[in-house]
K.L.:
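Before we start, here is the structure in question, set down as structure tokens.
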Number of protein chains: 2
Amino acid sequence: MSLKHAILVSLAERPASGYELVSRFDRSIGYFWRASHQQMYRELPKLQTAGWVSAEDVPQSGKPDKRVYAITDAGRDALAKWLRAPVGPEPVRESLMVKVRGAAVLGADHVLPEIRRHRALHADKLALFRQIEREQFGDGAGDDATGRCRYLALRSGVLYHESWVRWCDEALVLLERV
Amino acid sequence: MSLKHAILVSLAERPASGYELVSRFDRSIGYFWRASHQQMYRELPKLQTAGWVSAEDVPQSGKPDKRVYAITDAGRDALAKWLRAPVGPEPVRESLMVKVRGAAVLGADHVLPEIRRHRALHADKLALFRQIEREQFGDGAGDDATGRCRYLALRSGVLYHESWVRWCDEALVLLERV
DNA sequence: TGGTACATGTAACATGTTACATGATTTG
DNA sequence: CAAATCATGTAACATGTTACATGTACCA
């Protein structure tokens with residue numbers, strides 16, 4: 001649905017090759033939307049056909065050539081349109097909660113190790129986001145819209161993982177000694 | 001990946017036809033995992049072939065016949081095994097955050113209507129979950145593992161939507177008068 | 001007679017995952 | 001000399017979405 005738009009956002013920030021886009025989708029934008037390199041290399045020619053991006057082959061010395069994509073005016077228009085279009089709430093997909101409901105039938109002890117593991121994963125992510133928050137926004141969200149948007153994206157990660165850590169703690173209290 | 005397991009959980013709670021499963025995936029279990037009827041009717045024969053569920057055609061008076069599926073012992077084993085298997089953290093897929101990063105480039109006003117809309121959606125879900133919490137768990141999570149697991153699943157929905165409402169409020173404060 | 005609930009499917013397409021495939025350059 | 005990084009792809013398969021397709025029974 002919106003991998004195309006996620007790519008447009010990344011290219012609107014700055015032009016990039018498929019390879020560079022993949023690495024951005026492992027960090028930054030990737031905190032909110034994931035994509036593998038296979039998806040990327042399949043999607044980019046489609047975006048080019050649609051006229052939303054342009055491509056240029058850039059020879060490099062000492063490295064393989066790369067094909068650098070940039071967003072076009074038409075791409076920018078399509079992106080602005082998508083920003084305003086209502087998008088349904090993300091389809092929920094919480095396998096941990098499916099497991100918890102499974103544990104309601106098969107016994108809580110089956111799922112305790114998974115809850116502990118998830119707590120650790122979310123706590124790690126939370127620490128990372130808080131560190132970025134300190135490093136990049138230690139003195140507040142800033143005055144310009146750009147900085148505030150980037151701050152808010154980060155902030156959603158903080159709130160998300162905080163609430164999962166809190167849930168795991170509640171769950172462990174309730175289930176560890178049933 | 002785990003639609004199969006979500007179906008097993010639902011059938012472990014009690015047997016059902018494809019049609020009934022679809023309606024459960026619109027409520028209860030559906031708060032954590034979504035599936036359309038096409039997915040269901042494609043998946044059930046596969047589960048049967050795998051020996052994880054059994055099927056029985058049940059004639060009904062005044063209604064079309066239905067095919068009722070039930071979990072088998074093998075299915076129950078497979079489910080217990082999955083409950084204990086480490087599952088990667090859910091791939092994040094937050095189109096609203098992609099839009100916010102887009103707004104960092106194209107301007108915050110593009111995304112404000114979407115944020116207001118999402119706030120309303122999450123506030124509605126939150127009210128629904130809190131109502132279920134009052135009605136079904138007004139006097140606490142209960143003493144048995146089954147009740148506690150069901151309570152915790154609900155609780156995760158409450159925390160999730162609470163944190164989104166909070167984020168939307170922060171975002172509207174920061175972006176409404178840039 | 002028209003809508004909703006019950007009940008089950010097929011076909012085509014879009015998206016996502018896993019495995020396979022190649023090859024140069026840099027770093028330890 | 002082995003591993004990591006840069007760089008781009010194909011093929012097969014699994015999963016998810018949208019549209020098409022059919023038919024009964026009940027209620028207003």
K.L.:
Backbone N or O of A/Lys46 within a donor-acceptor pair of the A/Trp52 side chain at under 3.5 Å?
P.N.:
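No: the side chain of A/Trp52 does not pair with the backbone of A/Lys46.
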
K.L.:
Restricting to side-chain hydrogen bond (donor to acceptor under 3.5 Å, both in side chains), what partner residues turn up for A/Ser95, sequence neighbours left out?
P.N.:
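side-chain hydrogen bond (donor to acceptor under 3.5 Å, both in side chains) list for A/Ser95, sorted by chain: B/Glu90.
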
K.L.:
Can you tell me the distance, in whole Å, between the CG atom of B/Leu3 and the P atom of C/dG16?
P.N.:
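About 17 Å, once rounded to whole Å.
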
K.L.:
What is the distance, rounded to the nearest whole Å, between atom CG of B/Asp57 and atom P of C/dC6?
P.N.:
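The answer, rounded to whole Å, is 19 Å.
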
K.L.:
Taking atom P of D/dC13 as reference, at what distance in whole Å does atom CD of B/Glu43 sit?
P.N.:
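Taking CD of B/Glu43 and P of D/dC13, I get 17 Å after rounding.
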
K.L.:
In this structure, how many angstroms lie between the P atom of C/dA7 and the CD atom of B/Glu56, rounded?
P.N.:
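Distance check: B/Glu56 CD to C/dA7 P gives 15 Å.
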
K.L.:
Show every donor-acceptor pair shorter than 3.5 Å between a side-chain atom in residues 133-142 of chain A and any protein atom, with sequence neighbours excluded, or say none if there are none.
P.N.:
| from | atom 1 | to | atom 2 | distance (Å) |
| --- | --- | --- | --- | --- |
| A/Glu135 | OE2 | A/Gln131 | NE2 | 2.7 |

K.L.:
Got a sec, which hydrophobics cluster with A/Leu121, joining ILVMFWY side chains under 4.5 Å apart, including via others?
P.N.:
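Cluster partners of A/Leu121: none, it stands alone.
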
K.L.:
Output the rounded distance in Å from CD (B/Gln39) to C1' (C/dG16).
P.N.:
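Interatomic distance, CD of B/Gln39 to C1' of C/dG16: 13 Å.
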
K.L.:
How would you list, by chain and number, every residue that makes a side-chain hydrogen bond (donor to acceptor under 3.5 Å, both in side chains) with B/Gln48, sequence neighbours excluded?
P.N.:
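Per chain and number, B/Gln48 pairs via side-chain hydrogen bond (donor to acceptor under 3.5 Å, both in side chains) with no residue.
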
K.L.:
Any side-chain N or O of B/Lys4 under 4.0 Å from OP1/OP2 of D/dA14?
P.N.:
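Result: no.
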
K.L.:
Assign a letter to each nucleotide of nucleotides 4-9 of chain D from its 5' end: B, base within under 4.0 Å of a protein heavy atom; S, sugar-phosphate only; -, no contact.
P.N.:
-SBBBB

K.L.:
Determine which pairs satisfy side-chain hydrogen bond (donor to acceptor under 3.5 Å, both in side chains) with at least one residue from residues 67-79 of chain B, sequence neighbours left out, and list them in order.
P.N.:
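For residues 67-79 of chain B: B/Asp57-B/Arg67.
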
K.L.:
End-to-end bend of the helix from C/dT1-D/dA28 to C/dG28-D/dC1 (five-pair axes, 10° rounding)?
P.N.:
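It comes to 30° between the two terminal axes.
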
K.L.:
Check which hydrophobic residues are tied to B/Tyr19 through side-chain heavy-atom contacts below 4.5 Å, counting indirect links as well, and list them.
P.N.:
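Members besides B/Tyr19, by chain and number: B/Tyr41.
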
K.L.:
B/Glu56: which residues meet the side-chain hydrogen bond (donor to acceptor under 3.5 Å, both in side chains) condition with it, sequence neighbours left out?
P.N.:
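Checked B/Glu56 against side-chain hydrogen bond (donor to acceptor under 3.5 Å, both in side chains); zero matches.
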
K.L.:
Can you tell me the distance, in whole Å, between the CZ atom of A/Arg34 and the P atom of C/dT18?
P.N.:
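Result: 13 Å.
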
K.L.:
Is B/Arg34 reaching over with its side chain to a backbone N or O of A/Pro91, donor-acceptor style, under 3.5 angstrom?
P.N.:
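Flag not set: sc B/Arg34 to bb A/Pro91 has no pair under 3.5 Å.
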
K.L.:
Measure from CZ on B/Phe25 to P on D/dT17 and round the result to the nearest Å.
P.N.:
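Going from B/Phe25 (CZ) to D/dT17 (P), I get 13 Å.
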
K.L.:
Counting just side-chain N and O atoms, does A/Arg42 come under 4.0 Å of either OP1 or OP2 of C/dA14?
P.N.:
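Checking A/Arg42 against C/dA14: no side-chain N or O falls below 4.0 Å of OP1 or OP2.
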
